Peer 1: 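I'd like to ask you about the structure that follows.
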Amino acid sequence: MSEQKCEIGLIGLGTMGHNLVMNMADHGFAVAGYNRDPSRVDALLAAAEGRDIRGAKSFDVFVELLRDPCAIMMLVPAGKPVDGVIEQLLPLLKPGAVLIDGGNSYFQDTERRIKELAEKGIHFIGMGVSGGAEGARYGPSLMPGGPAEAYERVRPVFEAIAAKVHGEPCITYLGSGPAGHYVKMVHNGIEYGLMQLLAESYDLMKRGLGLSNDELHTIYQEWNEGELNAFLVEITADIFTREDELSGGRLVDQILDAARQKGTGKWTSEEALKLGVPTPSIDVAVTGRYLSALKEERVAASQVLPRPAAFDGDRETAVGQLRQATYVAMIVTYAQGLALLREASQTYGYSLDLEGVARIWRGGCIIRAAMLEEFRRAYLARPELPNLLLDPDLAMAMREREGDLRATVQRAAGLAIPAPGFMAALAYLDSYRSERLPANLIQAQRDYFGAHTYERVDREGTFHTEWGAMSAVG
Ligand code: 6PG
C-alpha cells in the first residue's frame with residue numbers, strides 16, 4: 001500500500017460516507033475515513049480489501065493522514081452536527097484547507113459557514129449529493145458551490161466518482177456562495193413534485209380504475225421504456241412486485257399512508273414564496289405530505305364524507321391519457337423549479353448556468369430522467385430562457401398532450417380521487433399561457449377597499465378611483 005498521504009478524507013461513515021470512500025478508492029485515490037463511532041471505521045477498513053483506504057478514530061490522527069492543503073468532506077446530518085464537526089476540526093486545520101459539506105444543509109447555514117471559515121483562511125464548499133446509497137457507491141450527481149479556487153483542489157476526485165452520461169460527469173461547479181446547496185434544495189423540491197404526481201397516478205389507477213399491483217407494475221415499466229424514462233418511474237414499477245414476508249401480500253399495501261419529510265421540499269416552497277416565484281406543483285406536494293400525515297382525521301372524515309363516485313369508462317383510454325398527463329405535469333414541475341433557480345441566481349448573484357444544472361441532473365440523482373436531455377437542449381439554444389414552457393419544442397409537446405392532462409384532471413375530479421399535483425400543473429399551464437388573467441379585478445378590489453391604486457392597459461401612470469361614490473351613483 002502507498003505511503004503517500006491521502007488525497008481526501010471523509011467524516012461520517014454512514015452508508016453514504018462509507019460508499020463514497022469505496023467509490024473514491026476504486027478510482028485510485030488514497031482516502032481516509034473517520035467516524036465518531038469507531039466500529040464504523042473498523043467496518044470500512046474491513047471492506048477496503050486492498051484499496052488504499054485508511055481509518056482514523058480521532059480527528060488529529062485523521063488530519064495527519066491527509067496531504068496539504070487538506071481536503072475533508074463531511075457527511076453528517078444537517079444542522080448542529082455540521083457546526084459541531086467544524087468546531088472540533090478547526091484547531092487542526094491550516095489555512096488553505098478545503099472543507100466540503102455533502103449533506104442537505106440549509107443554504108443560509110452554508111452561506112454563514114463560508115463567511116465564518118473564510119475569515120480563518122479555510123475554504124468551505126457546500127455540495128449537494130444525490131443518488132442515495134447506490135449513487136454514492138457507483139456514481140452520484142454532485143452539486144458543488146463555494147469558492148471557485150477551492151473547487152479546483154477537489155475537482156479531480158469528484159469528477160472521477162460522479163455518474164457519467166455519454167462520458168460527461170454529472171458534476172459542475174455551480175457558483176459562488178451556497179449555490180450548490182441551493183440547487184440541491186430545488187432538486188429535492190422537484191423530487192417532491194414528481195413523487196406526488198406518481199403517487200396520484202397510482203391512486204387514480206388503483207382506487208379509481210381498480211387496477212392490480214401486477215398491472216401497475218407493467219404500466220410503470222412500459223412508461224419507463226418511453227419518454228417517461230426516469231429513475232422515480234423505474235423504482236415505482238419495482239415497488240409493486242415486492243412481496244411482504246409478514247402478510248403474504250404485496251408490501252406496498254401494508255405501508256402506512258402517511259408520508260414523512262426532512263424539510264428540503266418545504267424550504268423550496270418557502271424560498272419560492274420569498275422570491276415571488278410560482279411553484280404550485282412543489283407546494284401541493286409539500287402540503288400533500290402534511291395531509292397524508294393526518295391519518296386519524298382522514299379515517300374519521302371518510303365516515304362522514306363518503307367518496308361519491310365509481311369508474312365506468314374505458315380503462316385503456318384512461319391509462320393512456322394518464323401517461324401523457326404525467327409527462328406534461330413532470331415537465332411543468334421541472335419548469336417551476338428551474339424558474340426558481342433562475343430567479344435565485346439573479347437575486348443572490350450565483351451566476352447559475354441552467355444548461356449545466358440540467359446536464360448534471362441527467363444521471364446519478366433521484367430526479368434523473370430522459371426529459372432532462374430536452375431541457376438541456378432548450379437552455380443550450382437559449383441560455384436566458386425564462387421558463388421551459390417557452391421553448392418551442394417543449395411547448396409543442398405540451399400542446400399535443402394538454403387534452404390528456406385536462407381529461408385526467410376531469411376524471412380525478414369525477415372519481416373524487418385527490419390529484420392536486422395534476423390540477424396544479426394544469427392551472428399553472430393555463431395561467432402561464434393566459435395573455436389576460438383576472439388580476440385586473442383583484443387590482444380593482446384593492447383600489448376599492450384600500451385605495452391601493454392600479455395601472456391601466458391603455459396609458460402610463462398610477463390611478464385611483466373613488467369606487468364607492470361611483471357605485472352609489474350607478
Ligand atoms: C437525494 C435525496 C436525498 C434524500 C431526501 C429525502 O437526492 O439523494 O433527495 O437527499 O432521500 O432528502 O427527503 P425527505 O426525507 O424530505 O423526503
Side-chain angles (χ1 to χ4, degrees), residues 12 14-20 23 73-79 81-82 100-107 109-110 126-145 158 161-163 165 170-172 174 178 180-199 230-236 239 255-272 279 281-293 330 333-334 337-338 340-341 357-369 372 421:
T15 317
M16 293 291 289
H18 177 107
N19 284 359
L20 281 169
N23 189 352
M73 180 172 186
M74 296 179 287
L75 274 159
V76 297
V82 176
I100 303 130
D101 174 11
N104 277 328
S105 290
Y106 187 50
F107 77 99
D109 287 340
T110 303
M127 182 161 81
V129 178
S130 181
E134 193 72 5
R137 182 67 186 87
Y138 300 108
S141 172
L142 300 170
M143 298 158 234
F158 290 120
I161 66 158
V165 175
C170 292
I171 179 171
T172 192
L174 288 165
H181 274 150
Y182 199 97
V183 169
K184 178 59 175 28
M185 174 186 77
V186 175
H187 165 285
N188 281 28
I190 294 172
E191 175 184 302
Y192 274 50
L194 304 182
M195 290 167 78
Q196 174 70 23
L197 288 170
L198 290 169
F231 171 72
L232 285 168
V233 176
E234 180 190 329
I235 64 166
T236 301
I239 285 169
I255 296 178
L256 184 71
D257 53 327
R260 293 183 185 274
Q261 51 188 313
K262 292 200 208 85
T264 44
K266 187 177 119 194
W267 293 344
T268 310
S269 284
E270 285 172 347
E271 256 298 295
T279 57
S281 298
I282 297 170
D283 307 342
V284 296
V286 177
T287 49
R289 291 199 190 187
Y290 290 142
L291 260 163
S292 80
M330 279 192 172
T333 306
Y334 283 103
L338 286 157
L340 172 58
L341 283 182
V357 173
R359 173 160 44 86
I360 66 170
W361 284 353
R362 288 177 309 158
C365 65
I366 304 297
I367 64 169
R368 63 185 184 259
L372 278 151

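In this text, all values refer to a predicted model and were calculated from it rather than measured experimentally. Both ligands and their constituent atoms are indexed starting at 1 by order of listing. Count residues from 1 along the sequence.
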Peer 1: Assess Gly132 for proximity to ligand 1: is some non-hydrogen atom of it under 4.0 Å away?
Peer 2: yes
Peer 1: Please state which option from Met195, Glu191, Arg368 has its nearest heavy atom closest to atom 11 (O) of ligand 1.
Peer 2: Glu191
Peer 1: Please examine the side chains of Val165 and Cys170, heavy atoms only from C-beta on, and report whether any two atoms are closer than 4.5 Å.
Peer 2: yes
Peer 1: Out of all atoms in ligand 1, which are within 4.0 Å of some heavy atom of Asn188? Include the element for each.
Peer 2: 5 (C), 7 (O), 9 (O), 10 (O), 12 (O)
Peer 1: Looking at His187, which atoms of ligand 1 are within less than 4.0 Å of one of its heavy atoms?
Peer 2: 7 (O)
Peer 1: Do any nitrogen or oxygen atoms of Gly131 lie less than 3.5 angstrom from nitrogen or oxygen atoms of ligand 1?
Peer 2: yes
Peer 1: For Arg289, which part has a heavy atom under 4.0 Å from ligand 1: side chain, backbone, both, or neither?
Peer 2: side chain
Peer 1: Applying the ring-ring contact (aromatic ring centres under 6.0 Å, His included) criterion to Tyr182, which one of Trp267, Tyr106, Phe107 satisfies it?
Peer 2: Phe107
Peer 1: If we check side-chain hydrogen bond (donor to acceptor under 3.5 Å, both in side chains) with Ser269, which of these qualifies: Asp283, Thr279, Thr287?
Peer 2: Asp283
Peer 1: For the residue pair Trp361 and His187, categorise the inter-ring angle as parallel (less than 30°), tilted (30 to 60°) or perpendicular (more than 60°).
Peer 2: perpendicular
Peer 1: Ile366 heavy atoms, cut-off 4.0 Å: which ligand 1 atoms fall inside?
Peer 2: 1 (C), 2 (C), 7 (O), 8 (O)
Peer 1: What pair of heavy atoms forms the shortest contact from Ala272 to Leu340, and how long is it?
Peer 2: CA-CD1, 3.8 Å
Peer 1: When you check the side-chain N and O atoms of Asn104 and Lys262, is any donor under 3.5 Å from an acceptor?
Peer 2: no
Peer 1: Please state which protein non-hydrogen atom is closest to atom 7 (O) of ligand 1 and give its distance, to 0.1 Å?
Peer 2: Ser130 OG, 2.5 Å
Peer 1: What protein heavy atom lies closest to atom 16 (O) of ligand 1? Include the residue and the distance to one decimal.
Peer 2: Tyr192 OH, 2.4 Å
Peer 1: Would you give the length of the straight line joining atom NZ of Lys266 to atom CZ of Arg289, rounded to the nearest 0.5 angstrom?
Peer 2: 13.0 Å
Peer 1: Gln261 versus ligand 1: do any nitrogen or oxygen atoms come within less than 3.5 Å of each other?
Peer 2: no
